[in-house]
There are 2 protein chains.
Amino acid sequence: MAFTDASLVALRVFREVAERGTLTAAAAALGYTQSAVSRQIAALERAAGAALLERRHDGVRLTAAGRLVLRHAAAVVDQVDAAARELAGLPSEDESTVRLGWFATAGAWLVPQALVSLGRSHPSITVVTRESSTPALVRALRAGTLDVALIASLPPFRAPDDETPALEAEALVERSLQVALPASHPLARNDFIDIADLRGHRWIAGPGDQLVMGVWPGLDERPRVAHTARDWLAKLQLVAAGLGITTVPAGLVAVVPAGVRVLPVRGGPSEQRRILLARLPGPMPEPVARLAAALRAAVVESWHQPIG
Amino acid sequence: MAFTDASLVALRVFREVAERGTLTAAAAALGYTQSAVSRQIAALERAAGAALLERRHDGVRLTAAGRLVLRHAAAVVDQVDAAARELAGLPSEDESTVRLGWFATAGAWLVPQALVSLGRSHPSITVVTRESSTPALVRALRAGTLDVALIASLPPFRAPDDETPALEAEALVERSLQVALPASHPLARNDFIDIADLRGHRWIAGPGDQLVMGVWPGLDERPRVAHTARDWLAKLQLVAAGLGITTVPAGLVAVVPAGVRVLPVRGGPSEQRRILLARLPGPMPEPVARLAAALRAAVVESWHQPIG
DNA sequence: CCGGGGTATGCGTGGATGTCATGGCCTTCA
DNA sequence: TGAAGGCCATGACATCCACGCATACCCCGG
């Protein structure tokens, strides 16, 4: 079979795989078995006459040919979906709809704040959002499933990925990492914490291998992790309950619950964190530009709020 | 099956049908049986949830839904083909390639003349051309198989078709119909022919029901058609051989073979003929604009040549 | 060396898609 | 008015493809 009449299902499956990074995950998302997905990809590769995926022990990665096909597949699938919507008489996925992806932290303050103000200034723009991990966001951008994404970046601030075409990334803000501790804690009476005082504490960290999320990176001891949690509210409530301390990006300060105090850390290198606004290169549709502006404004606004 | 995963083959078939205007012709062009095409279309209509074609005794016509689907199908198929070309490492159907369609008469003077001059001034532009009947040209434009087409138009100069979106048509030139007769003929000594002198001649006309092509439209007698031919060279050689006379558009004057004289007709209403340059509405790619300019220039240039 | 994450593949079955042949409808022409 | 010839639809097949299931395989980490 020539590539010119590959199956639309195959293209759709391929896009999903590219976005999930795993045949198995894509299969689950599509309601197929892993086997079916594997075969679809195999067929597509046969049609393309080249390997589209590089098989790795932890999933798959796109080859050069794969990226080529992905570009077109995304366009094709979008086009067909547009046709389907128009046929159904639906509002043809308004040009005024923006799909925004974000990493968990941004959902607590930046996203809601920006969307509220955007809703006021440009009520005609619809924003659909979705939380994902950073790699998932990057893949979704490349798969054309997202128009724009908020991505966290830490030193040495490399590009989100090293594929081509490179993503366009604008640094929205750079703030330093801070520490959250119970308001009742003796150290909370000061306006800052000395890095030396961080020793000996119990930490509340992120799940899995993300232990690094939540524990101060410059610690000169092996941290004792008392709890792990993915959810910010849960983490902060654990802090409020005096069960441990954790790190938080400065942006979260404004939405920290009662009983928690957030302080900057003195001594040691300052731990900077950036929030990037990333998208595929190319002309920026007007609604996307509006959303970007709203996000920038929200960042500025948050500076005027008390920073612990 | 939802429309969202219709088959690419079906879309391709559909485009072909839209271009040919007939299931049977599309089948022949694609190497399928008419039955297969019929089923493909049926399946597509089932997926679309609407009739895409209006069945008529002489073929099919697009319904509103059909036009909608055609728009998207053309884009989808193009996109996939582009992917295929890129995969094959081919020059990705240069943006600098223009596909031009023309009706038979234009191929004898306008097209060659314009292409030569375009080739001199913009050698980087590739033009692929194709002769077709006027309705075929119009369908090909709508199916996205041609970028631009030269179309003949006669009074009352209606639009090439009455579908939406309307085609953009620019009148390149308007010339009057003339008569070709043997250089040796007594009437050929004058610089014009009086309409009264057209009586009693033997005519060389177009094939089939196109008798009108070749016989002077204002004749007040039933014409005697001695020969029918589709090819201009054949027609003109028949004229040169003294086997009859025929009508020719003024543009052809410059390329008429020896032994043939072309004269305007006096008396009676002047028979005007227009050549339209037609394309789908939308932004005009730069190479297309160049080609259009070259065609306009060729028209102007031909005015400076002797007009019999 | 086993368990758990990935992907590939043999096997059986059902559906989709071809061809062939036929039938219905319409127009044209003798 | 009947025969011919254009068009499309459809019933009866054959074939093939793509699915699910189960299993094999590979690699890594504890």
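Reminder, nothing fancy here: chain letters follow the sequence lines and each chain counts from 1.
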Quick check: on DNA chain C, is the nucleotide nearest His57(B) upstream (toward 5') of the one nearest Arg39(B), or the reverse? Name the residue that is more 5'. Arg39(B)
Have a look at Gln40(A) and say if it touches a base, only the backbone sugar-phosphate, or nothing, with a 4.0 Å heavy-atom cut-off. sugar-phosphate
If you compare every side-chain N and O of Thr24(B) against the phosphate oxygens of dC8(D) (OP1, OP2), does one of them come in below 4.0 Å? yes
Tell me: CD of Gln34(B) to P of dG23(C), nearest whole Å? 15 Å
Rounded to whole Å, CG of Leu44(A) lies from C1' of dT7(C) at a distance of 17 Å
Expressed as a whole number of angstroms, how long is the span from Leu30(A):CG to dA18(D):C1'? 15 Å
Spacing between Phe14(B) atom CZ and dT17(C) atom P, to the nearest angstrom: 16 Å
Spacing of Leu23(A) atom CG and Arg39(A) atom CZ [to the nearest 0.5 Å]: 12.5 Å
Closest approach to the side chain of Tyr32(A), judged atom by atom: which nucleotide of dG6(C), dG20(D), dG18(C) is it? dG20(D)
Between dA9(D) atom P and Arg46(B) atom CZ, what is the distance in whole Å? 12 Å
In whole angstroms, the gap separating C1' of dC25(D) from CG of Leu23(A) amounts to 15 Å
Taking atom types as they are modelled, would you say the side chain of Ser35(B) forms a donor-acceptor pair with the base of dC20(C) within the 3.5 Å cutoff? yes
Report yes if a side-chain nitrogen or oxygen of Ser38(A) is closer than 4.0 Å to either non-bridging phosphate oxygen (OP1 or OP2) of dA8(C); otherwise report no. yes
State plainly whether the residues Asp78(B) and Arg85(B) are in salt-bridge range, i.e. N to O under 4.0 Å. no
Matching residue for Val69(A) among Val76(A), Leu52(A), Thr63(A) - test: side-chain contact (heavy atoms from CB on, under 4.5 Å): Leu52(A)
Does a donor on one side chain sit under 3.5 Å from an acceptor on the other, for Gln34(B) and Thr24(B)? no
Just to be sure I understand the rule, does Gly31(A) reach a base, reach only the sugar-phosphate, or reach nothing, if contact means heavy atoms closer than 4.0 Å? sugar-phosphate
Nearest whole Å is fine: how far is dC8(D) C1' from Glu54(B) CD? 14 Å
Please tell me if Thr33(A) has a side-chain N or O lying less than 4.0 Å from either OP1 or OP2 of dC19(D). no
Side-chain donor/acceptor of Glu45(A) to backbone N/O of Leu53(A), under 3.5 Å: yes
To the nearest Å, how far apart are Arg55(B) CZ and dC26(C) P? 15 Å
